[in-house]
Amino acid sequence: MSGGGLLVAGTTSDAGKSVVTAGICRWLVRQGVKVAPFKAQNMSLNSFVTRGGAEIGRAQAMQAQACRVEPTALMNPVLLKPGGEQSSQVVLMGRPVGELSARGYHGGRQQQLLGTVLDCLAELRGTYDAVICEGAGSPAEINLRRTDIVNMGIARNARLPVLVVGDIDRGGVFASFFGTVALLSPEDQELVAGFLVNKFRGDVSLLEPGLDMLHGLTGRRTYGVLPFRHGLGIDEEDGLRVSLRGTVRESNTAPPVGADVLRVAVCALPLMSNFTDVDALAAEPGVVVRFVDRPEELADADLVVVPGTRGTVRALEWLRKRGLADALERRAAEQRPILGICGGFQVLGEHIEDEVESRAGAVQGLGVLPVRVRFAREKTLTRPAGEALGEHVEGYEIHHGVASVEGGEPFICDDRGHSLDGCRVGGTWGTHWHGSLESDGFRRAFLREVAAAAGRRFVPAADTSFAALREEQLDRLGDLIEQHADTDALWRLIESGAPQGLPFIPPGAPA
């Protein structure tokens with residue numbers, strides 16, 4: 001028997017679909033429901049590696065954690081990783097299968113993947129009591145409806161009820177709700193059960209007359225009004241909101257344990273990937289993380305992080321054009337702390353040979369670390385573990401670049417002291433491992449080294465557990481659903497589908 005299901009759609013991108021999906025998942029699992037997340041097609045540079053060696057969106061990995069299950073490729077069968085304005089790497093069932101332009105993808109390839117997507121969803125629904133699906137962008141993107149496999153396309157094929165989320169903090173939420181429904185075909189409208197208001201500030205009673213009018217106009221009810229809460233934007237799909245100069249990654253509000261704070265500047269590289277690597281730093285009391293794009297903004301930083309990127313050669317060009325390359329080279333010469341992660345590790349090396357990602361051929365790196373990188377066609381996707389700075393460390397690798405380390409000190413080693421990854425020269429460290437800073441003991445040891453090199457009286461908190469903080473965030477999402485949504489009505493949707501007899505709202509989708 002097939003389990004229940006729900007598609008969480010949105011009036012726009014960034015309306016809150018990912019966190020609402022995670023919140024519903026956490027609420028359900030606390031009720032004893034065996035639940036799984038699903039997103040047919042994800043466009044994101046924030047990805048994760050499952051234990052089976054499959055690459056999926058980090059949002060789905062986070063949602064799997066909300067469900068208290070191990071993430072698998074079934075939960076995100078299609079992942080698109082932008083490599084520029086016009087093309088993306090297509091990752092199918094966790095493995096890259098090629099590069100396609102947007103026109104090439106929407107012109108035929110996307111529709112060919114519908115069978116795979118539906119098979120994955122059916123397998124999940126055959127295994128779990130409920131599957132909570134996340135849409136992408138808006139279901140009313142009428143130019144893409146014909147080939148859609150992530151919004152109404154999958155809802156129609158799998159007969160999923162649809163809940164539309166709107167971000168009221170942006171304004172115009174009533175028009176967005178009404179317009180979303182009115183631009184769908186009659187067959188699509190039959191599945192749109194109602195709405196969920198996200199990020200509301202103030203007295204809900206002032207909103208209720210509008211919700212009543214919306215119900216009268218559309219025949220569809222509102223299933224909840226979620227209040228605005230800080231610190232819930234975990235594992236976003238992309239780095240657009242943090243790539244702006246000076247944006248601060250939301251940090252722990254607790255005061256520093258020692259006398260000083262520690263300032264971390266993250267270079268906001270183009271095509272920045274897995275910027276969530278610095279979340280574990282931001283979770284430490286007394287650590288302030290900001291994203292920067294000017295050399296003068298590195299001057300007062302105690303640590304500079306050069307993060308991952310989907311375009312290593314492009315990132316090098318960007319660093320040089322903005323003067324950040326010179327600033328990083330000076331900083332390294334002064335032995336002031338720098339950490340390069342994945343693509344950031346590669347740009348700090350001496351030489352790059354790339355006939356795969358940029359096809360630029362031989363390119364000189366910054367020369368800060370004694371590393372030569374050759375891009376292989378096969379992507380490395382692993383979940384390694386080792387030791388660094390005397391502590392156990394775990395991570396995950398997602399890269400085409402193969403590093404040959406030709407000097408310096410080993411950074412991450414096995415239990416016999418043999419180098420596993422990366423290197424260190426003076427105050428500069430480099431590694432291909434994403435997620436290593438989530439290992440609490442290693443993170444504290446690393447921050448102690450950074451503080452000593454920076455001359456800061458910063459002391460890492462002895463009891464900060466990143467895993468526990470993540471669980472607290474997921475529980476807060478579950479609390480939002482439990483306390484501010486009509487959970488009985490939500491469960492009826494999941495179990496029984498959209499209500500019968502929902503009215504058609506003209507004009508409908510254009511012919």
Side-chain angles (χ1 to χ4, degrees), residues 230-231 239 241-270 272 274-309 315-316 318-345 347-348 366-369 389 411 424-431 436-437 442-461 464 466:
H230 286 284
R241 287 192 298 157
V242 296
S243 64
L244 303 175
R245 184 183 63 80
T247 302
V248 176
R249 195 74 177 146
E250 187 148 6
S251 302
N252 194 307
T253 56
V257 175
D260 291 338
V261 299
L262 208 63
R263 296 171 177 85
V264 179
V266 184
C267 296
L269 303 179
M272 181 167 50
N274 287 66
F275 65 88
T276 48
D277 282 333
V278 300
D279 283 357
L281 296 178
E284 282 285 346
V287 175
V288 179
V289 179
R290 70 184 190 274
F291 290 79
V292 304
D293 65 359
R294 294 179 180 176
E296 58 267 26
E297 293 174 308
L298 305 188
D300 68 343
D302 303 307
L303 169 67
V304 173
V305 176
V306 189
T309 172
L316 262 172
W318 182 86
L319 289 168
R320 287 176 170 136
K321 181 178 179 180
R322 289 183 170 266
L324 285 160
D326 289 341
L328 286 168
E329 290 169 9
R330 287 194 302 270
R331 186 179 181 91
E334 295 165 0
Q335 299 200 23
R336 300 180 64 200
I338 301 171
L339 173 63
I341 302 174
C342 199
F345 170 39
V347 305
L348 295 176
L366 299 186
V368 171
L369 291 175
L389 304 180
F411 187 14
R424 175 186 182 176
V425 173
T428 301
W429 295 263
T431 176
S436 62
L437 294 166
F442 166 70
R443 182 181 65 254
R444 294 183 196 116
F446 177 70
L447 290 177
R448 281 193 290 269
E449 293 237 359
V450 168
R456 294 285 184 187
R457 293 173 299 168
F458 169 84
V459 179
T464 300
F466 185 76

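These values consider heavy atoms only, across backbone and side chains, with no hydrogens, waters or symmetry-generated copies.
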If you define the side chain from C-beta out and look only at heavy atoms, does anything of [X] sit under 4.5 Å from [Y]?
X: Leu303; Y: Leu262; answer: no
X: Arg320; Y: Leu366; answer: yes
X: Val287; Y: Phe458; answer: yes
X: Cys267; Y: Val305; answer: no
X: Glu296; Y: Val292; answer: no
X: Pro307; Y: Ile341; answer: no
X: Leu319; Y: Val347; answer: yes
X: Val264; Y: Val288; answer: no

Measuring from atom [atom1] of [X] to atom [atom2] of [Y], what distance do you get when rounded to the nearest 0.5 angstrom?
X: Arg444; Y: Thr464; atom1: CZ; atom2: OG1; result: 6.0 Å
X: Leu447; Y: Leu437; atom1: CG; atom2: CG; result: 7.5 Å
X: Glu284; Y: Arg443; atom1: CD; atom2: CZ; result: 4.5 Å
X: Met272; Y: Trp318; atom1: CE; atom2: CH2; result: 8.5 Å
X: Glu329; Y: Ile338; atom1: CD; atom2: CD1; result: 9.5 Å

Using the six-membered ring wherever Trp is involved, compare the ring planes of Trp429 and Phe446 and label them parallel, tilted or perpendicular (cut-offs 30° and 60°).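 Aromatic pair Trp429/Phe446 classed perpendicular.
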
Please name the pair of heavy atoms, one in [X] and one in [Y], separated by the smallest distance, quoted to 0.1 Å.
X: Ala332; Y: Val368; result: CB-CG1, 3.5 Å
X: Gly308; Y: Cys342; result: CA-CB, 4.3 Å
X: Ala327; Y: Leu298; result: CB-CD1, 3.8 Å
X: Asp302; Y: Val450; result: O-CG1, 3.7 Å
X: Val306; Y: Leu269; result: CG1-CD1, 4.0 Å
X: Pro255; Y: Pro285; result: O-CB, 3.5 Å

Can any side-chain N or O of [X] pair as donor or acceptor with the backbone N or O of [Y] at less than 3.5 Å?
X: Glu297; Y: Asp293; answer: yes
X: Glu334; Y: Arg331; answer: no
X: Thr309; Y: Pro270; answer: yes

Salt bridge or not for Arg290 and Asp300, using N-O below 4.0 Å?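 Looking at Arg290 and Asp300, the cut-off is met.
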
Can you list the residues that meet the side chain to side chain donor-acceptor pair (under 3.5 Å) rule with [X], with sequence neighbours excluded?
X: Arg336; result: none
X: Thr431; result: Asp421
X: Arg424; result: Glu449

